[in-house]
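A short worksheet on the structure shown next.
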Amino acid sequence: MKLRAACVVAALLSCLAAAGPAAAQTLRTIDTPSANVAAGERFNGPAGVKHMRANVLLPDGYDGRKRFPVLYLLHGAGDWWGAWAQPKGDVQAITRGLPAIVVMPEAGTGFYSDWWNGGARGKPRWETFYLDELIPQIERTFKVRPGRSWHAIAGLSMGGFGAMYLASQDPGYFGSAASFSGFIAHQQAEIPPALPLITGVRYEDIFGPVDGYYATGHNPQRLVGNLRSTRLYVTVGSGLPAPGVQSTPTAVVAGGLAELELRKQADEFVAAARAVGARITYRPLEGVHDWPYWRRHLREGIAWGLFAQVPDPPPRWDYRTVAQHGNAWGLGYAFDKPPTRVIDFSSDGDTLRAAGGGTVTIRNAAECEFTAKLPFTRAVPAAICGRLRVKVAPRTLRLGRVARVRVRVSRVVGRHTLPVRRARVAVGGKVARTKASGLAVLRYRPRGVPGVIKLRVSVRGLGKTSVRLRVR
């Protein structure tokens, strides 16, 4: 009996050894090419790296098949895409056990914004890089769970600004946003002269005049209406070191002064968010502007919960922007010229309102659209639109013989031809529904006498049509 038990134990150990250890976190570095941020822009990474990169931390169990939530984790001014993965950031230890993909991209000292550049705009276009290039690249490359509840963004200092600002510009994608010592209410007269001393970049180059519309359109405090349906987390220090936390003398002094200003900004942002009914958690703490505190902020942000359920989408929403194009809760907007004032959109059920100026095209995910001058009050674009196009093969059937009839249904919207899913296709009592590709296949045996029969197609919202088939 003892020998048999020993054999069983040995067999189990052999199986476990063959299976190998459970998959651990994997840190990958990927290239993130951009047409919106010039190569050699103000990056702070290793010498010789002349192009954009990002670190991507894949969680335990990531196998390229199962989908995971995603956290975009942003760095501060003067840092780089590798900062959070260095010992000072310690992201692998802090996120161990977090079942999420963590994306840590480059931001230079660009403040996650398309720069004002004296009104000329143009490069660098950091927000366009993030929203139009980086996020789609991550979605194509990695298995990301769909739905805004599974998409979070967080960052420290300049990255706290980036988290709140980018979440405000694409609230339909991000369900939660967190700011650690963030630059989130920056329209005070003392900020423009101080910013170049701290970061090396001029406030006016990025945001324009501090009291101007472009600065307002890039100030998270003034955009909190966009974030009413987003879960928000804000934490910031007091300007005084916490007992037992080690910081350099420089960090205690300079970081203490910076954190005092950012505590004021946090108070203003939180008050504005609460005034519009946003779901915000505010945790002011002791501390200065330094990494030991940001590591703690990240740990506590994870404990707060980055992937709790949020509405998708809310029945009513407000959205402010100065961007020429973007996405407001599933409605894409594109102005013919860059706005010259803050644009306000609001939706209440099937009604869309816009205030400001200019001419805009509004398009939904179904490619249904309209173009209008602001201000306007209009019905939102239809859930489905276009004209039906039906292709059938074969068009001639043999009497008494079973035919395999392939029906492809699409709709034509402008220059786009799009497949129609779940179109009803019927002929001679046989009924089928098209798949996502727009294709339905019916097996049909014509009976009776030679002649012409009708294959009928109907799509809710687009109507009905028919195709004549010849029976010989």
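What you are looking at is a predicted structure, and each value in this text was computed from that prediction instead of being measured. Residues: numbered from 1 along the sequence shown.
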With a 4.5 Å limit on heavy-atom distance, are the side chains of [X] and [Y] in contact?
X: Q246; Y: P292; answer: no
X: T230; Y: V310; answer: no
X: M52; Y: F129; answer: yes
X: R411; Y: C385; answer: yes
X: D312; Y: S149; answer: no
X: Q324; Y: F335; answer: yes

Might you confirm whether atom [atom1] of [X] has over 12 heavy atoms from other residues, nucleotides or ligands at distances under 6.0 Å?
X: D336; atom1: CG; value: yes
X: R28; atom1: CZ; value: no
X: K435; atom1: NZ; value: no

**OP:** Kindly indicate, with the supporting measurements, whether the criterion side-chain contact (heavy atoms from CB on, under 4.5 Å) is fulfilled by V360 and I343.
**Re:** CA-CA 11 Å; V360 68; I343 304 299; over 6 Å; no
Is the [X] ring parallel, tilted or perpendicular to the [Y] ring (thresholds 30°, 60°)?
X: F180; Y: Y233; value: perpendicular
X: Y333; Y: F345; value: tilted
X: W116; Y: Y213; value: perpendicular
X: Y165; Y: H218; value: parallel

Using every non-hydrogen atom in the two residues, find where [X] and [Y] come nearest and quote the distance to one decimal.
X: P99; Y: G97; answer: CD-O, 3.2 Å
X: G172; Y: R148; answer: O-CB, 3.6 Å
X: A266; Y: V234; answer: CB-CG1, 4.0 Å
X: V37; Y: W126; answer: CG1-CZ2, 3.5 Å
X: R341; Y: V322; answer: O-CG1, 4.0 Å
X: A251; Y: V288; answer: O-CG2, 3.8 Å

Gap between atom [atom2] of [Y] and atom [atom1] of [X] - 0.5 Å precision:
X: R222; Y: T216; atom1: CZ; atom2: OG1; answer: 4.0 Å
X: F183; Y: N219; atom1: CZ; atom2: CG; answer: 8.5 Å
X: Y203; Y: L195; atom1: OH; atom2: CG; answer: 8.5 Å

Subject >> Check: Y112 ring centroid to F161 ring centroid under 6.0 Å >> reply: no
**OP:** Could you go through the side-chain hydrogen bond (donor to acceptor under 3.5 Å, both in side chains) check for S34 and E133 one step at a time?
**Re:** CA-CA 7 Å; S34 174; E133 295 177 326; 2.6 Å; yes
**OP:** Check F68, F174, Y173 against H151 for a ring pair (Phe, Tyr, Trp, His ring centres under 6.0 Å) and give me the one that passes.
**Re:** Y173
Subject >> Salt bridge E367-R363, side-chain N to carboxylate O under 4.0 Å >> reply: yes
Original post:
Would you call D318-R228 a salt bridge at under 4.0 Å N-O?
Top reply: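 Salt bridge flag = yes for R228 with D318.
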Subject >> Heavy-atom donor-acceptor pair, R320 side chain to V224 backbone, under 3.5 Å >> reply: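 Not confirmed, R320 side chain does not pair with V224 backbone.
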Subject >> All side-chain hydrogen bond (donor to acceptor under 3.5 Å, both in side chains) counterparts of S176, not counting sequence neighbours >> reply: R231
**OP:** Evaluate side-chain contact (heavy atoms from CB on, under 4.5 Å) for I138 paired with I30, printing each intermediate quantity in order.
**Re:** CA-CA 10 Å; I138 295 299; I30 63 171; 3.9 Å; yes
